[in-house]
Amino acid sequence: TTSSPPPGDLETRVIAYIDQRFSQLYIRPTSFVGASTYAEFGQSIQLQEVHPDDHFALMLQDPPSLPSTSFGCLPPLDYEPDPPKPARTSLPRKVKKPLPPRPARASLPPRPDPPARTTHSEPQLQDAIRKQFEASTLPHYHFIDTHGSHYLHGEKSPDLSFFPLGDTDAHRYRVVLLGDVKTRRKNQFTDADIGQVVTYGLRVLKAQPHREYIYVFLTDMQSYQFFKVARIMGLDEVQLAQPLLCSPFLSLEDGRRVLFNLLSSTGASLGFSPLEFAFPDERVTLQALRTLGSGATAHCYEARLGPEPVVIKSLNPGIADTHYVHERDALRLFLEDPDFPQLRLYTERILVTQPLCQPYKGHPTTHQHVHHLISILYKAHQKGIIHRDVRPSNVLIHAGVPMLVDWGCAVRMAPIRYFGTIRYAPPRIIDQWPDDLTTKDVHIEHTPRPSDDLVSLVKTLYSLIFHRTKDIACISTATDLRRFWSGIGKAWLTAIQLASNGEYVKLAERLCTLF
């Protein structure tokens, strides 16, 4: 079928045409059994391929005029592409004749050497395409050679990555478009090659939770194939929207044209848009550089306030403002205390704090760390603030000193509904919880006590020292949870008893004898 291209400027027409044409597709199921890098997602892929007679027609039009050094006028390749194989002609069948007697082996002439192969290895292709992109000039983005790097936090990274102009380093939370250089087998890319480049796209979507899709491509410098990797929106975990949208094989010239038109559009057209937070009163706008973490109540991002790195905490939609109010009011009490996160900016449902800490996991726990964490809780308790959510993920480290973060559950000592992490809660809360730990909307009225934080701290230290965080996270019933904590050993149970009695000094001394 044919239709007139949609009206508008080139960028709008290109994106609209892609969406329009992607709706007229047929399905080619693919199993990707060989895609070992894709196995971590535990799912196969179906491809929806644009019909060969009607693909990227608008994308293939000549791009806007640009300087001779632009991507539209790339230098020629360093090598000649493989010549097409001559057509096979049928020969008349010969009448078989009796074979003459085989001569002695010594009289046979030497076998000639096989002809040299004209195909090129992946390293040769990667080197050739790098030279082309390094010599190009793009209006919005620039190319970074990421072959051999680990910026996507995996064993491998794509050969070609594109980032906004001004970005000098490769970061997974800033990549706009990516591609991989592979050699084709039997005139097509293998399932493992497609699975690998799709895996790269999914890792980008995981690092950029506000992003809906990303374009990726494969090339062997003789043809291109593009894929649109989209997530299933509304899910916390990244899952691939099925089926995967892909283009047919494009020639070298057509693939260049499509790639240039994609890179000539804005980030929003590519599924990428910088996440920004405005603070009108201070006339400041912060741009999220990367995602630090996400939970049931909020997302945390790294940003820059002047030259200093800061943490932006944004409440998730549907979460009550009480979490924001609790944390804001608690941090206001410790504005001059470096042992607590320092509040820099805030607006409705958004907090900006310093310093930017690192995960505590992997750092050896020392006696100084134990004393420092108990001291933080003592200071908070002296001002009537109970943290209520002391757990391993809320213990971070900065400049070698541990810090307790996420004060969104912090309240004063007054009757209130329990809210925290049940697996590290004190026994009096676990005893009132339903046996199924995944039960939602459990309403338990309690009066927070300082001893609750101390008990949670003992359990947190046990989990960090003995690397039991994953084991505790897998416990699904309150019965198994009580059995786990009752079997941690007499010495640790004594420490829990001291914490329940609120004995700060004796607790610190006891904990320092356990490791």
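Every value quoted in this text rests on a predicted model; they were computed, and no experiment measured them.
Here Asp337 pairs with Phe334, Asp339, Phe340, Lys379 under the side-chain contact (heavy atoms from CB on, under 4.5 Å) rule; sequence neighbours left out. In this view, Tyr346 satisfies the ring-ring contact (aromatic ring centres under 6.0 Å, His included) rule with no residue, not counting sequence neighbours. With sequence neighbours left out, the ring-ring contact (aromatic ring centres under 6.0 Å, His included) criterion links His371 to no other residue. Considering only residues two or more places apart in sequence or on other chains, His323 meets the ring-ring contact (aromatic ring centres under 6.0 Å, His included) condition with Phe419. Evaluation of the ring-ring contact (aromatic ring centres under 6.0 Å, His included) rule for His372 yields no partner, not counting sequence neighbours.
With Thr146 contributing its side chain and Pro158 its backbone, the two residues share a donor-acceptor pair below 3.5 Å. Asp436 places a side-chain N or O within donor-acceptor distance of the main-chain N or O of Thr438, the cut-off being under 3.5 Å. Not a single donor-acceptor pair under 3.5 Å links the side chain of Ser157 to the backbone N or O of His147. Here the side chain of His446 pairs a donor or acceptor atom with the backbone of Ile416 at under 3.5 angstrom. The closest donor-acceptor contact from the side chain of Arg388 to the backbone of Cys409 lies under 3.5 Å. A donor-acceptor pair is defined here as one N or O able to donate and one able to accept, closer than 3.5 Å; such a pair exists between the side chain of Ser500 and the backbone of Ile496.
In this pair, His142 and Phe163 present their aromatic rings tilted. The plane angle is within the 30 to 60° band. By the 30° and 60° cut-offs, the orientation of the rings of Trp433 relative to Tyr418 is perpendicular. By the 30° and 60° cut-offs, the orientation of the rings of His369 relative to Tyr360 is perpendicular. Taking the six-membered ring where tryptophan is involved, the planes of His367 and Phe515 are perpendicular, since the angle between them exceeds 60° and thus also 30°. Aromatic ring pairs are classed by plane angle as parallel below 30°, tilted from 30° to 60° and perpendicular above 60°; the pair Phe466 and Tyr462 is tilted. Ring planes of Tyr504 and Tyr378: perpendicular class, angle over 60° (limits at 30 and 60°).
A salt bridge does not link Asp452 to Arg449: none of the charged nitrogens lies less than 4.0 Å from a carboxylate oxygen. Comment: Asp406 engages Lys313 in a salt bridge, judged by a side-chain N to carboxylate O separation of less than 4.0 angstrom. A salt bridge does not link Asp480 with Arg482: every distance from a Lys NZ or Arg NE/NH1/NH2 to an Asp or Glu carboxylate oxygen is 4.0 Å or more. Under the 4.0 Å criterion applied to side-chain N and carboxylate O atoms, Asp321 and Arg349 are assigned as salt-bridge partners.
A donor and an acceptor atom, one from each side chain of Thr421 and Arg423, are nowhere located under 3.5 Å apart. A side-chain N or O of Thr190 and one of Asp193 form a donor-acceptor pair less than 3.5 Å apart.
For the pair Leu286/Glu276, no side-chain contact is recorded, criterion being any heavy-atom separation below 4.5 Å from C-beta on. Residues Phe217 and Gln225 are not in side-chain contact: their nearest non-hydrogen atoms beyond the backbone lie 4.5 Å or more apart. The closest side-chain heavy-atom distance from Val442 to Pro434 is below 4.5 Å. Contact annotation: the side chain of Met403 approaches that of Pro355 to within less than 4.5 Å [non-hydrogen atoms, C-beta and beyond]. At a threshold of 4.5 Å between non-hydrogen side-chain atoms, the residues Leu270 and Phe162 do not count as touching. By the 4.5 Å heavy-atom criterion applied to side chains, Val352 and Val311 are not counted as neighbours. Put simply, the side chain of Arg328 reaches to within 4.5 Å of the side chain of Leu351, judged on heavy atoms. By the 4.5 Å heavy-atom criterion applied to side chains, Tyr141 and Leu165 are not counted as neighbours.
Ring centroid separation for the pair Trp407 and His387 comes in under the 6.0 Å cut-off.
Among residue pairs with one or both ends in residues 486-500, none qualify as salt bridge (charged side-chain N to carboxylate O under 4.0 Å, His left out); sequence neighbours excluded.
When all heavy atoms are compared, the tightest approach of Arg468 to Asp471 is NE-OD2, 2.7 Å. Pairing each heavy atom of Lys182 with each of Gln196, the nearest pair is NZ-OE1, 2.9 Å. Listed here is the closest heavy atom pair of Ala491 and Leu514: CB-CD2, 3.3 Å. The minimum heavy-atom distance between Leu205 and Ala230, with the atom names listed, is CD1-C, 4.1 Å. Counting all heavy atoms, side chain and backbone alike, Lys470 lies closest to Lys361 at CE-NZ, 4.3 Å.
Checked against Leu259 for a side chain to side chain contact (heavy atoms under 4.5 Å, CB included), the options Leu177, Leu160, Thr219 give a single hit: Leu177.
Atom CD of Glu445 sits in a crowded spot, with more than 12 heavy atoms from other residues, nucleotides or ligands closer than 6.0 Å. Annotation for Arg283: atom CZ does not count as buried by contact number, only 12 or fewer foreign heavy atoms lying within 6.0 Å.
Geometrically, Lys459 does not engage Tyr424 in a cation-pi contact, judged by NZ or CZ lying under 6.0 Å from the ring centre and within 45° of the ring axis.
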